Amino acid sequence: MKMEKVVGERFRERPSDCVIDSHALMVRGGYMKYVGNGIYSQFGPLRRICRKIERIIREEMDRIEGQEVQFPVAMPASLWEESGRYETVGSELLRFTDRNGSKMVLGMTHEEASVQLVREYGKSYAKYPFMIYQIQTKFRDEARPRAGLIRVREFTMKDAYSFHTSQEDLEKYYMRAHAAYERIFARVGVPEVISVASDSGMMGGNVSHEFMLLSPAGEDSIALCDACGYRANMEAAECITEPLPASASCLTEVHTPDCHTIEEVCDFLHTSPERSCKAVVYQKNTDDSYVVLFLRGDREVNETKLTNFLGCEIHPAVITEDSGLTAGFIGPVGLTKRLAAGSTVLFDRSLAHASDLVCGANKPDYHYTGLSVERDLAAEYEAYGYGPSAFRGTDSAADYGISFHDFAKITEGGICPHCGKKTIRISRGIEVGNIFQLGTKYTEAMHMEYTDSDGSVHTPVMGCYGIGIGRLAASVCEAHHDEYGPIWPLSIAPWQVHLCAVRVDDASVRACADSLYEQLNDAHVEVLYDDRSVRAGIMFSDADLLGIPYRIIVSPRNLSEQCVELVSRDKTLQEKVPSEAVVDRIRQLIYEKQ
């Protein structure tokens with residue numbers, strides 16, 4: 001390919017609307033163009049990169065007995081109604097009606113389509129296990145697309161679905177898929193990607209992992225323990241709270257004028273947030289009923305844990321006069337007598353066995369001090385409908401009627417759920433892949449069954465495995481770039497060699513560069529040839545933005561020394577090589593990298 005034929009412009013200035021480096025460099029370098037919110041067109045260089053990523057993924061999926069199929073982009077809503085997700089998935093699912101009045105959806109994921117495809121095929125145990133995968137364009141109506149290809153609405157994704165006759169067989173295959181993912185990320189140039197335990201979200205299932213590239217540009221928060229290797233997405237990470245020393249005080253109502261927040265109350269009463277009990281109020285999306293969650297004042301709510309517990313989506317509450325709640329002064333004492341019918345009261349386990357706390361008194365400008373959870377709340381909440389239950393984690397069985405659950409976010413310097421040390425650190429990460437043990441969530445709902453060898457009928461169990469192609473390309477750029485442009489790994493670079501003819505008006509430069517171009521093509525080396533009549537600064541700036549691993553520079557100065565210059569984009573290689581030997585040298589370098 002000749003540089004003058006490459007469609008797309010390259011720019012020196014950083015676009016003002018690009019918040020992360022990979023987005024800015026891929027716009028500046030002529031890789032993609034904005035079409036609409038979260039929607040981009042791809043120029044040739046990015047398509048070449050993505051095709052190479054797809055090839056690596058196909059090789060690794062085929063290696064674990066995957067078979068490539070293709071599902072439709074547009075599907076009848078009846079498929080999603082079968083699984084129950086047509087109503088439960090929010091506005092991320094794009095719903096529409098076709099010209100015949102039939103309800104349709106644009107695929108954002110394809111669990112339903114995969115079951116529909118193999119439902120008849122998988123009627124006998126002898127067909128199992130098997131895995132099917134596709135690389136397909138999808139649409140997810142994200143509320144807040146950002147960061148270029150990191151979070152978009154339209155995207156290309158590899159998604160795979162495995163089917164098994166037992167949970168044990170699924171778990172074995174799950175580990176094979178996990179290993180395949182590790183090979184994929186190493187081959188595309190980001191071996192530093194780690195897997196972390198994650199929340200399954202709307203996908204369902206009990207076990208899932210996300211593959212994260214640790215990066216300040218990431219929008220996910222990851223809890224890491226360097227002492228034992230524990231890794232989990234903050235949404236799924238268990239929060240362990242060290243108990244405070246027991247302290248006995250009487251429950252006392254105190255006047256706290258104009259103190260609405262934890263900070264204001266603690267300043268006024270000269271106490272600390274960990275010695276307080278705060279209320280956070282939500283409403284269920286299903287019926288707008290109130291959910292009042294109490295937790296220790298130094299903890300923050302993990303809304304993913306809360307929605308998983310409730311089994312429905314929530315939103316911040318709008319507190320009305322008939323709610324029974326006094327905004328800024330909500331507390332657990334006497335609350336059950338005031339609450340609107342259908343409300344839910346929950347307690348985070350940071351409050352288990354806690355005493356001598358400050359809490360709201362459920363009337364304006366008043367709080368309680370000296371709250372003991374066991375002493376002051378047991379009878380009220382047992383009468384409210386809470387039965388005795390086991391505490392999670394290290395807590396012992398409850399002997400009073402409040403059930404405690406983990407609703408809080410893990411924190412920097414917090415206790416590791418695995419080794420128990422105070423070694424948790426929080427890092428940002430970009431999710432580049434995910435795998436799920438779905439179980440029978442979809443096969444059962446869609447009545448997929450098989451007959452076993454003894455004639456009994458069972459429901460197959462499923463696994464699901466996804467990688468976003470464009471997001472992975474952008475993540476590699478985010479991990480490997482400098483101020484001048486991307487530094488693409490050889491395995492996915494748009495071309496392998498960038499041939500630069502400096503002073504192409506010089507007959508000897510033209511002759512040498514043209515000859516090298518032909519030799520490289522004959523040697524099946526992917527080469528981009530820049531023979532434009534432009535200044536060297538412009539030529540090298542464009543080459544930096546294209547990030548091709550190896551650059552051959554043909555110039556009058558080099559030819560006067562009877563050689564050409566061979567440099568690598570990452571600056572680790574700079575050699576003067578005789579022009580007749582440079583093709584063999586390039587082939588050697590490529591071979592060593594493979």
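Since this is a predicted model, take the numbers as computed values, not measurements. Worth knowing before you read on, the calculation uses all heavy atoms, side chains too, and leaves out hydrogens, waters and symmetry mates.
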Got [X] and [Y] here, is their nearest side-chain heavy-atom distance under 4.5 Å?
{"X": "V105", "Y": "L94", "result": "no"}
{"X": "I49", "Y": "K52", "result": "no"}
{"X": "I410", "Y": "M234", "result": "yes"}
{"X": "E82", "Y": "Y442", "result": "no"}

Using only atom types and a distance under 3.5 Å, with no angle test, would you say the side chain of [X] pairs donor to acceptor with the backbone of [Y]?
{"X": "Y517", "Y": "M1", "result": "yes"}
{"X": "H481", "Y": "E478", "result": "yes"}
{"X": "R153", "Y": "N37", "result": "yes"}
{"X": "N558", "Y": "V554", "result": "no"}
{"X": "H480", "Y": "V476", "result": "no"}
{"X": "S427", "Y": "L214", "result": "no"}
{"X": "D530", "Y": "R532", "result": "yes"}
{"X": "E412", "Y": "I426", "result": "yes"}
{"X": "D98", "Y": "G101", "result": "yes"}
{"X": "S475", "Y": "R471", "result": "yes"}

Looking only at side chains, do [X] and [Y] share a donor and an acceptor under 3.5 Å apart?
{"X": "S102", "Y": "N100", "answer": "no"}
{"X": "T307", "Y": "E313", "answer": "no"}
{"X": "H164", "Y": "K172", "answer": "no"}
{"X": "R428", "Y": "S221", "answer": "yes"}
{"X": "D159", "Y": "Q134", "answer": "yes"}

If every non-hydrogen atom of [X] is compared with every non-hydrogen atom of [Y], which pair is closest and at what distance?
{"X": "R10", "Y": "G30", "value": "CG-N, 4.2 Å"}
{"X": "Y465", "Y": "S162", "value": "OH-OG, 2.6 Å"}
{"X": "A474", "Y": "I150", "value": "CB-CD1, 3.9 Å"}
{"X": "V583", "Y": "A523", "value": "CG1-CB, 4.1 Å"}
{"X": "M61", "Y": "A160", "value": "SD-CB, 4.5 Å"}
{"X": "M462", "Y": "L170", "value": "O-CD2, 3.4 Å"}

Verify salt bridge (Lys or Arg N to Asp or Glu O under 4.0 Å) between R28 and E13, making sure each step is shown before the conclusion. CA-CA 7 Å; R28 285 181 56 207; E13 297 300 322; over 6 Å; no
Is the closest basic N to carboxylate O distance between [X] and [Y] below 4.0 Å?
{"X": "R63", "Y": "E60", "answer": "yes"}
{"X": "R510", "Y": "D514", "answer": "yes"}
{"X": "K158", "Y": "E54", "answer": "no"}
{"X": "K103", "Y": "E81", "answer": "yes"}
{"X": "R551", "Y": "D544", "answer": "yes"}
{"X": "K305", "Y": "E235", "answer": "no"}
{"X": "D482", "Y": "R569", "answer": "yes"}
{"X": "E154", "Y": "R140", "answer": "no"}
{"X": "R55", "Y": "E59", "answer": "yes"}

Worked check of ring-ring contact (aromatic ring centres under 6.0 Å, His included) between H498 and Y529: CA-CA 6 Å; H498 199 139; Y529 181 20; 9.6 Å; no
Run H315 and N285 through side-chain contact (heavy atoms from CB on, under 4.5 Å) and show every step you take. CA-CA 7 Å; H315 59 272; N285 288 5; 2.6 Å; yes
Walk me through it: do K127 and E120 pass the test salt bridge (Lys or Arg N to Asp or Glu O under 4.0 Å)? CA-CA 11 Å; K127 303 290 189 181; E120 286 74 30; over 6 Å; no
I'd like to know whether R144 forms a side-chain contact (heavy atoms from CB on, under 4.5 Å) with E219, so could you lay out the CA-CA distance, the side-chain angles of the two residues, the decisive distance to 0.1 Å, and finally the verdict. CA-CA 12 Å; R144 292 176 294 277; E219 56 184 15; over 6 Å; no
Just checking [X]: does its [atom1] atom have more than 12 heavy atoms from other residues, nucleotides or ligands closer to it than 6.0 angstrom?
{"X": "Y484", "atom1": "OH", "result": "no"}
{"X": "K5", "atom1": "NZ", "result": "no"}
{"X": "R587", "atom1": "CZ", "result": "no"}
{"X": "E171", "atom1": "CD", "result": "yes"}
{"X": "E4", "atom1": "CD", "result": "yes"}

For N233 and E210, run side-chain hydrogen bond (donor to acceptor under 3.5 Å, both in side chains): C-alpha distance rounded to whole Å, both residues' side-chain angles, the deciding distance at 0.1 Å, then the answer. CA-CA 8 Å; N233 192 304; E210 293 171 338; 2.6 Å; yes
Q116 and R119: CA distance, side-chain angles, deciding distance, side-chain hydrogen bond (donor to acceptor under 3.5 Å, both in side chains) verdict: CA-CA 5 Å; Q116 191 270 343; R119 189 160 41 189; over 6 Å; no
Run the side-chain hydrogen bond (donor to acceptor under 3.5 Å, both in side chains) test on E111 and T109 for me, step by step, so that the C-alpha distance in whole Å, both residues' side-chain angles and the decisive distance to 0.1 Å come before the verdict. CA-CA 6 Å; E111 284 74 18; T109 182; 2.6 Å; yes
Please assess D21 against R14 for the test side-chain contact (heavy atoms from CB on, under 4.5 Å), listing each intermediate value before the final yes or no. CA-CA 9 Å; D21 291 338; R14 182 188 180 106; 3.0 Å; yes
CD1-CG distance between I184 and L472, expressed to the nearest 0.5 angstrom: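 Rounded to the nearest 0.5 Å, the CD1-CG separation comes out at 9.0 Å.
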Could you measure the distance from the OG atom of S195 to the NE2 atom of H178? Nearest 0.5 Å is fine.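 Rounded to the nearest 0.5 Å, the OG-NE2 separation comes out at 3.0 Å.
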Test side-chain contact (heavy atoms from CB on, under 4.5 Å) applied to S555 and R503, step by step: CA-CA 6 Å; S555 68; R503 289 285 311 276; over 6 Å; no
Cation-pi check, R95 to Y86: give yes when NZ or CZ is under 6.0 Å from the six-membered ring centre and within 45° of the ring axis, no otherwise.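 The answer is yes, since R95 meets both limits relative to Y86.
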Can we call the ring centroids of Y128 and F130 under 6.0 Å apart?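 Y128 vs F130: aromatic centres under 6.0 Å.
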Exactly one of Y174, F436, Y181 should register a ring-ring contact (aromatic ring centres under 6.0 Å, His included) with H209. Which one does?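 So the option named by the test is Y174.
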Mind running salt bridge (Lys or Arg N to Asp or Glu O under 4.0 Å) on K576 and E565 for me, showing each step along the way? CA-CA 5 Å; K576 294 291 184 71; E565 189 173 0; 5.5 Å; no
